[in-house]
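Working notes, structure below.
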Amino acid sequence: MSYSKTDLLSLKDFYQNQLLNDTVPFWFPRSIDTEFGGYLLMRDQDGSLIDDDKAVWIQGRAAWLLATLYNTIEPKQEWLEGSKTGIYFLNNHCFDTDGRMFFHVTRDGHPIRKRRYYFSETFAVIAMSAYAKASGDEAVAEKARFLFGKCIEYSTSSGLLEPKFTATRPSKGIGTPMIMINTAQQLRENIGDPRCDEWIHKWITEIETDFIKDDIKCVMEQVAPDGSIIDHIDGRTLNPGHAIEGAWFILHEAKYRNNDPHLIALGCKMLDYMWERGWDKEHGGILYYRDVYDKPVQEYWQDMKFWWPHNEVIIATLLAYTMTGDEKYATWHKMVHDYAYSKFHDNENGEWFGYLHKDGTIAQTAKGNMFKGPFHLPRQEWYCLQLLNEYLKDS
C-alpha cells in the first residue's frame, strides 16, 4: 500500500490531536509536584497516584517533553514553568556527592537507589538542553554540555563505573551507542555542541561494525568486545523494538546529513531485519524478546507486548517511508499504528496502557511507574507530527 497526501494529512491531524488533547493532558498539569518540584508520575489508568517516589530518568524525560513542546508547538508559559520545576528538582535533589545521578528518589528527593549506568545523566542532558533553549538560561546550557562530557567519559573510560559482571565473559550492549547518539542529537539541535558530529559518527560506526550481522539478518542487543556473538542465553537475546529505535536514530541522522544514502540504507536495513524477527504474525504487535537462533528465551515476559517498542516502530516505519517512498514501510506503519492505537490506547481516560499479553489483552493497568512515564508515547506523537508537517510542506 501507499499513503496519499490525504492519508498523510489525516495522520498528521491524528497525531496532533492525540498528543495535545489526549496524551499530554493525562499527565499535566496534575503530575507537577507543586510542593517539592519535579513530577508525580506513577499513576493508574484513571490518573490516580499509586506511588509518590520519583524515577530520576523519567523526571528528565518529562522536563524534556515540556520544554520541547514549548520550543516546537507553542510557547505556552505553563509548559516552560513545568519544565523548569523538573530542572530544579534534578539539579537540587538528584546528584550524589560524587557528581553522578541517582536513579530512584523519594518525593522530597532523598536517595533510594543509584544504578551502575548513566541513563539518568543522558536524560538530564536532553532535558537541560531543551529547557536552556526555551528559557535562554546559559547556566543550564553549560550544565547540559558538562554532563554530556561526563557521559562520554563514562562510556569510554573503564573503571569509572562499577561493572555489572565479572571479566570472565566480557560484553558490550547496543544501548550505550544508541542512547548517546540520541543524546548528542538533542543537544546539537537545541543548543549546539562541537563534539556531537564526531561522536555520533563514532557511535554509528560501532553499531554498524559490531552489532549488525548481515549474514543472519539481525541486529544484536549485546556482543563480545570484538563484535562476535556470545552463544549463551544473555548473548543471544534480541530486543527488536530497541534495535528499531536505533534504526530511526540513524535515519534521523541521515536527514541531518542531507539524506545521506549510506545512513538511509543502514537504518532501513536495521528496520527490515528486526521487523522480520519482532512482528508477531499470529496476533500482531512487536514481541519483546527473541533469541537470535530461535531458541527459548530466558525472560518470562519475552512474548508480551510493551508500549514503547510500538512507539519506536511507528516512528521508524513512517520515517523510512517518507525518506524512501518504499510502499513496504507504509504497509508496516499502518499495521503497527492500527495495532497499537487499538490495543494500548485507553479510550476512557487517555494515554496508553503499558503492558499487554501476547494476545493483546491488558496485563495490568498502570500508566506510569519507574519505567513508564510521559516520554515514548508523546515523543512518538510529537516526532510524527513534526515529520509530517515537514514532509507535507515540501511535497
Side-chain angles (χ1 to χ4, degrees), residues 26-45 47-67 82-128 131 140 143-144 146-148 150-151 153-155 159-165 173 175-176 179-180 183 242 299-301 306-308 351 353-355 363-378:
F26 177 86
W27 297 105
F28 303 109
R30 68 176 158 205
S31 294
I32 294 175
D33 187 345
T34 56
E35 184 175 355
F36 294 104
Y39 316 102
L40 296 165
L41 297 169
M42 296 207 221
R43 298 187 176 272
D44 204 352
Q45 66 184 94
S48 58
L49 205 63
I50 57 177
D51 196 316
D52 65 4
D53 283 352
K54 294 170 179 173
V56 173
W57 63 342
I58 302 185
Q59 297 292 302
R61 292 173 176 191
W64 171 85
L65 172 65
L66 290 167
S83 181
K84 182 179 181 180
T85 191
I87 301 300
Y88 165 87
F89 190 82
L90 290 171
N91 274 324
N92 288 279
H93 298 292
C94 298
F95 285 89
D96 200 353
T97 53
D98 62 0
R100 289 192 54 224
M101 298 187 78
F102 297 109
F103 174 76
H104 180 187
V105 298
T106 63
R107 179 183 178 184
D108 58 356
H110 287 84
I112 294 174
R113 185 181 180 193
K114 186 176 174 181
R115 300 188 79 170
R116 298 178 183 90
Y117 55 65
Y118 48 93
F119 290 167
S120 292
E121 283 86 344
T122 63
F123 289 109
V125 170
I126 68 170
M128 291 177 184
Y131 176 74
V140 174
K143 183 69 172 285
F146 171 79
L147 277 178
F148 179 62
K150 296 302 292 183
C151 290
E153 285 184 38
Y154 296 145
S155 69
L160 291 183
L161 303 179
E162 180 185 353
K164 187 174 183 178
F165 298 106
T176 293
I179 201 166
M180 291 301 289
T183 301
H242 197 222
E299 282 75 9
Y300 63 83
W301 61 93
F306 283 31
W307 86 102
W308 66 266
E351 242 278 350
F353 298 108
Y355 309 93
Q364 58 117 311
T365 59
K367 301 280 182 62
N369 53 32
M370 290 294 294
F371 299 92
K372 185 180 186 297
F375 184 65
H376 288 282
L377 173 60

Tabulate below the donor-acceptor pairs under 3.5 Å that side-chain atoms of residues 364-375 make, not counting sequence neighbours, or state none.
from   : atom 1 : to     : atom 2 : distance (Å)
Gln364 : OE1    : Ala366 : N      : 2.8
Thr365 : OG1    : Asp44  : OD1    : 2.7
Lys367 : NZ     : Gln45  : O      : 2.8
Lys367 : NZ     : Asp346 : OD2    : 3.0
Lys367 : NZ     : Gly350 : O      : 2.8
Asn369 : OD1    : Phe371 : N      : 2.8
Asn369 : OD1    : Lys372 : N      : 2.7
Asn369 : ND2    : Tyr355 : OH     : 3.2
Lys372 : NZ     : Glu351 : OE1    : 2.9
Lys372 : NZ     : Trp352 : O      : 3.2
Lys372 : NZ     : Lys367 : O      : 2.9

If you define the side chain from C-beta out and look only at heavy atoms, does anything of Phe123 sit under 4.5 Å from Ile179? yes
If you compare all heavy atoms of Asp53 against all heavy atoms of Thr106, which two are closest, and at what distance to 0.1 Å? OD1-CA, 3.7 Å
How about Tyr39 and Thr85: do any of their side-chain heavy atoms sit closer than 4.5 Å? yes
In Å and rounded to the nearest 0.5 Å, what is the CZ to OG1 distance from Phe148 to Thr183? 7.5 Å
Does a side-chain heavy-atom distance below 4.5 Å link Met101 with Leu90? yes
Which residues pass the side-chain contact (heavy atoms from CB on, under 4.5 Å) test with Phe146, not counting sequence neighbours? Lys150
Please examine the side chains of Trp27 and Leu41, heavy atoms only from C-beta on, and report whether any two atoms are closer than 4.5 Å. yes
Applying the side chain to side chain contact (heavy atoms under 4.5 Å, CB included) criterion to Val105, which one of His110, Gln59, Lys114, Lys54 satisfies it? Lys54
Of all residues at least two apart in sequence or in a different chain, which pass the side-chain contact (heavy atoms from CB on, under 4.5 Å) check with Arg113? Phe103, His104, Arg115
Heavy-atom pair with the smallest gap, counting every atom of Phe102 and Ser120: O-OG, 3.0 Å
For His93, all residues meeting side-chain contact (heavy atoms from CB on, under 4.5 Å), sequence neighbours excluded: Tyr88, Phe89
Checking Tyr118 now: which residues fulfil ring-ring contact (aromatic ring centres under 6.0 Å, His included) with it, not counting sequence neighbours? Tyr154
Would you compute the distance between atom CD1 of Ile58 and atom CG of Leu65 and round it to the nearest 0.5 angstrom? 12.5 Å
Quick one: side-chain contact (heavy atoms from CB on, under 4.5 Å) partners of Asn91, sequence neighbours excluded? Ile87, Phe95, Met128, Lys143
Would the distance check show the side chain of Ser31 and the main-chain N or O of Leu40 forming a donor-acceptor pair, the cut-off being under 3.5 Å? yes
